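Each chain gets a letter, A, B and so on, in the order its sequence line appears, and its residues count up from 1. This one's a predicted model, so the numbers in the text were calculated from it and none came from an experiment.
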Amino acid sequence: MLDPRLFRTDLENTAAQLMRRNFSLDTAAIARLEEERKGVQVTTQELQAKRNQSAKVIGQAKRNGEDVAPLLAAVESLGDELKAAEARLGEIQTELNAILLGVPNLLHESVPDGASEDDNVEVRRWGTPREFAFEPKDHVDLGEGLGLLDFDTASKIAGARFSLMTGPLARMHRALIQFMLDTHTSEHGYSEVYAPYLVNAESLYGTGQLPKFAADLFRVEHDGRDMYLIPTAEVPVTNIARDTIVEADQLPLKFTAHTPCFRSEAGSHGKDTRGMIRQHQFEKVEMVQLVRPEESFAALESLTGNAETILQRLGLPYRVVTLCAGDTGFSSTKTYDIEVWLPGQGKYREISSCSNFGDFQARRLQARWRNPETKKPELLHTLNGSGVAVGRALVAVMENYQQADGSVQVPEALRPYMGGIESIQAKG
RNA sequence: GGAGGGUUGGCUGAGCGGUUGAAAGCACCGGUCUUGAAAACCGGCAGGGGUUCACGCCCCUCCAGGGUUCGAAUCCCUGACCCUCCGCCA
């Protein structure tokens, strides 16, 4: 959520900045509501002050044993007037708040202009895509050829957009998770978190998935209340800081968590219908940082670097792109996507997304820190990034490490997690 | 699932329906003292909002939402969460 003060003091400039995202702010409506809010709020507060005064006087009189009947008569109509004013003020505030909740974050000045992913700007590349002496297969052919990946059975069990892995392939999937968690905790200074996979609506408002993106979520009813399967670990982990004030010496807070992620939107676009690139359920290792405001852009660089380390250790070629204005997520001020090379598709595909949210999430979350200079609680800055998407990492390993006979070599970094085996061979 | 108890400021914890936005303690900040530190003593210290050039003044907030009342942290209703005991359970 943006600072509501922007609506009061810097409306036109805010609207202009939002146009970079192609988001048009109804400044006329907001100005009108703000104007009315001001008047009604002043009236309301005057009535409240009057009520407090009268109550005090009456209390005093009563204690002195005086007759309070005339005093009571004098305030008779006050209650109704006040109630009406409070009700109207509430309506206006609800309306303004609804608008505010739908407004995306302001972009950092370094974010390039552009409308779609075609306008994203490449920042750097790492590694060189391998030359194949044979026609490289994609992960579906490889996995099914090995007899370890089975989409038909998955769809029997659950439906489209789910996958079933068995044997050493399932183990490699698990190995990737362990490898990533170990790297982030022992080398990058993150503390490991195990968090709920079902969350309440408040948490989703906090990180910005609600109210705007309800359709992307799996909703579960429990005891007559709605709960949601997390679409990313960002939700439970960032919400650790909701409604808290962190002492300055505790910062930065760096968390990493492995969780499954559930997304109902996957599949509705007809994209990536083949394979496990886009699934309703997938695993992710996530990094979350809560930092002092002045440090958040430096933190974005290091967090992105932490994700890159994973790909480097796995020997997977990738590139980093800065998302353009039109492609940057709702809550983000700036996002880097890391795209891994997939020989089966002959292109780079997103495997991690690292964002700085500034104070946008923190304001919704009321996640604050005590600034020693001002002695006041101030909003934190929040960041997160995938470190990295596990299913896609598995796809990348399979495709990049495939052999002519359809087997898959195990990257060095994963061997300790796989009982030392060097390759995954066809079953039987 | 059953029966009780609870939710107050950064933390602990008082709080008769009427100067209680809230005692006290801790923590924190400043000062006195000290060569320095500790201790002791003195003082300060919730958050959000409105208005003001500013000093200030005012409003809201004691889990949330309703209600009673001239007046609610305090009474009533509903809900959430936490704790204890019993039952069940991986």
message: Taking Lys83(A) first and then Glu86(A), would you say they form a salt bridge - that is, a charged N and a carboxylate O separated by under 4.0 Å?
response: no
field: No-hydrogen, no-angle side-chain donor-acceptor test under 3.5 Å, Ser331(A) and Gln361(A)
entry: no
message: I'd like to know if Asp226(A) and Arg219(A) make a salt bridge, using a cut-off of under 4.0 Å between side-chain N and carboxylate O.
response: yes
Whole-angstrom distance between rC28(B) and rC16(B), as gauged at atom P: 31 Å
message: Using atom C1' in both nucleotides, what's the gap between rG21(B) and rC77(B) to the nearest angstrom?
response: 26 Å
- request: Return yes if a side-chain donor-acceptor contact under 3.5 Å exists between Gln41(A) and Thr43(A), otherwise no.
  value: no
task: Using the P atom as the reference point in each nucleotide, state the distance between rG48(B) and rG87(B) in Å, no decimals.
output: 48 Å
- prompt: Of the residues in residues 80-102 of chain A, which ones touch RNA chain B at a heavy-atom distance under 4.0 Å?
  reply: none
query: On a whole-Å scale, what distance lies between the C1' atoms belonging to rC62(B) and rU12(B)?
result: 16 Å
query: Quick one: how far along RNA chain B does chain A reach, first to last nucleotide 5' to 3', anything under 4.0 Å to a heavy atom?
result: rG10(B) to rC81(B)
message: Judged by each residue's nearest nucleotide on RNA chain B, which is more toward the 5′ side, Gly59(A) or Arg368(A)?
response: Gly59(A)
Salt-bridge contact Arg5(A)-Asp10(A) (side-chain N to carboxylate O under 4.0 Å): no
- request: Indicate the atoms forming the closest heavy-atom contact of Gly387(A) with Ala307(A), along with that distance.
  value: CA-CB, 4.4 Å
message: Within residues 44-55 of chain A, which residues have any heavy atom lying less than 4.0 Å from an atom of RNA chain B?
response: Gln45(A), Gln48(A), Ala49(A), Arg51(A), Asn52(A), Ala55(A)
message: On RNA chain B, does the nearest nucleotide to Arg225(A) precede the nearest nucleotide to Glu247(A) from the 5' side, or the other way round? Give the residue.
response: Glu247(A)
query: In residues 33-42 of chain A, which ones come under 4.0 Å of RNA chain B, going by heavy atoms?
result: Arg37(A), Lys38(A), Gln41(A), Val42(A)
field: Note: Arg415(A)-Glu412(A) ion pair, threshold 4.0 Å (strictly below)
entry: yes
field: rA14(B) versus rA24(B) - spacing of their C1' atoms, nearest Å
entry: 7 Å
field: Short side-chain to backbone donor-acceptor contact, Gln93(A) and Gly90(A), under 3.5 Å
entry: no
- prompt: Any salt bridge between Asp138(A) and Arg274(A), counting N to O under 4.0 Å?
  reply: yes
- request: Return the orientation label for the His188(A) and His184(A) ring planes: parallel under 30°, perpendicular over 60°, tilted otherwise.
  value: tilted
message: Holding to salt bridge (Lys or Arg N to Asp or Glu O under 4.0 Å), I want the full list of residues that pass it with Asp327(A), two or more places apart in sequence or in another chain.
response: none
query: If only atom types and distance count, is the side chain of Thr244(A) paired as donor or acceptor with the main-chain N or O of Arg368(A) below 3.5 Å?
result: no
- request: Mind checking which stems touch RNA chain B? I mean at least 3 consecutive Watson-Crick or G-U pairs, both distances under 3.5 Å.
  value: B:1-7 with B:80-86, B:10-12 with B:24-26, B:28-32 with B:40-44, B:46-51 with B:56-61, B:63-67 with B:75-79
- prompt: Quick one: do Glu378(A) and Arg292(A) make a salt bridge, cutoff under 4.0 Å?
  reply: no
query: When all nucleic acid strands are considered with a 4.0 Å heavy-atom cut-off, which category describes Lys376(A): base, sugar-phosphate, or nothing?
result: sugar-phosphate
message: Can you confirm whether the side chains of Arg242(A) and Ser203(A) place a donor and an acceptor under 3.5 Å from each other?
response: yes
message: If I pick the C1' atom on rA64(B) and the same atom on rU19(B), what distance separates them, to the nearest angstrom?
response: 28 Å
field: Salt bridge flag under 4.0 Å for residues Arg51(A) and Glu81(A)
entry: no
message: Between rC45(B) and rG18(B), how many Å separate the two C1' atoms, rounded to a whole number?
response: 28 Å
Same-atom distance (C1') from rC89(B) to rG5(B), integer angstrom: 25 Å
field: Glu286(A)/Lys284(A) salt bridge by N-O under 4.0 Å criterion
entry: yes
